[in-house]
Amino acid sequence: MNILAVLMGLFAGGCSTIQGGATAQLTKSWAKHPLLSSALTFATGTLLLFLAIAVFGIPVPALNGATHWWHWTGGFLGAYFVFSLTYLSSKIGASMIVALVLAGQILAALVLDHFGLVGYPVRPISFMRVVGVVFLTAGVLQILRSK
Amino acid sequence: MHILYLLIGVLGGICITLQSGVNAQLSAVWAKNSILAAAVSFGVGFLVLAASVAALRIPLPSLKGTHTKWWHWSGGLLGAYLVFAGAYLAPILGAGLLVGLILAGQICSAAILDHFGLVGFPKKPITTQKVIGILFLVVGVAIFRFF
């Protein structure tokens, strides 16, 4: 693991926030319904990624027998996340949504790491990791409180 | 708050963490490339969302007379990087550090965007409380990096 990987991760977080803002504005200015703006976001993202594949000459391997059904569910997981955000936005406050999604992310991270599932390297849960979760949670709660 | 909302929200967070792992595995087992894995994920996600838009009969507004700016449409580019980064970084960083870094990136960028009122966010100057929250986050991320 190197500094580049860390920077890429941070940058991904930054992109996520900007994406939220941009798509919210798209909803306001054109789509009116958040599912439509999300569908468009996914459409342009798909096109750009396939464009990159063409431009970089990335080979598309033949479908072998090595994949299982769940390998192809990434898109469903992403779409579900969009649905949940859209649905919950009209039911509970933004801060609560942030807190719930974060709780889910951290819970999944600890479990997936502990068992080394879906290709994550095995990192057993430890006292220090729990301390790390406490700090992450404290940080987010502190910021939510300051809004 | 209804327990159903809690479950929907937490599941959303779980799906995000799962998605990076699933796409990383798709890359390892078939695509051999994170961009291709991200493209497939986005493509499937788009199909699911497009089907929902159709099923819910969400109307497609005309572009005439709207006041969209170019950056309203940038969500796809940003999302594409996010999904690509997730697939690429999952096996390198592990779930805990990946979640932590993305979170840190989100919070820091949110503080900056809020402070300057960018991307349609209302102007909200950074406060000492927010800085303290960010420091907690940094400690949490550092713990996941080293433990």
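So you know, we letter chains A, B, ... as the sequences are listed, proteins then strands, and number each from 1. Just so it is clear, the values below take in all heavy atoms, side chains as well, and ignore hydrogens, waters and symmetry mates. All values reported here derive from a predicted model rather than from experimental measurement.
With a 4.5 Å cut-off on non-hydrogen atoms, A:L88 touches chain B through its side chain but not through its backbone. Only the side chain of A:Y80 comes within contact range of chain B, with heavy atoms under 4.5 Å apart. Looking at B:A31, the atoms closer than 4.5 Å to chain A (heavy atoms on both sides) all sit in the backbone: N, CA, C or O. With a 4.5 Å cut-off on non-hydrogen atoms, A:L63 touches chain B through its backbone and its side chain both. Both the backbone and the side chain of A:V131 come within contact range of chain B, judged by heavy atoms closer than 4.5 Å. Using a 4.5 Å cut-off between heavy atoms, A:F56 touches chain B through its side chain atoms alone.
In this pair, B:Y81 and B:F84 present their aromatic rings tilted. The plane angle is within the 30 to 60° band.
The candidate from A:V82, A:V111, A:I53, A:T27 with the greatest count of non-hydrogen atom pairs under 4.5 Å with chain B is A:I53. Contact count against chain B (heavy-atom pairs under 4.5 Å) is highest for A:T17 among A:T17, A:T41, A:T44. The candidate from A:A52, A:S16, A:G20 with the greatest count of non-hydrogen atom pairs under 4.5 Å with chain B is A:S16. The candidate with the highest count of non-hydrogen atom pairs below 4.5 Å against chain B, out of A:V134, A:L117, A:L112, A:T23, is A:L112. Most heavy-atom pairs under 4.5 Å with chain B: of the set A:I18, A:T137, A:D113, A:V60, this distinction falls to A:D113.
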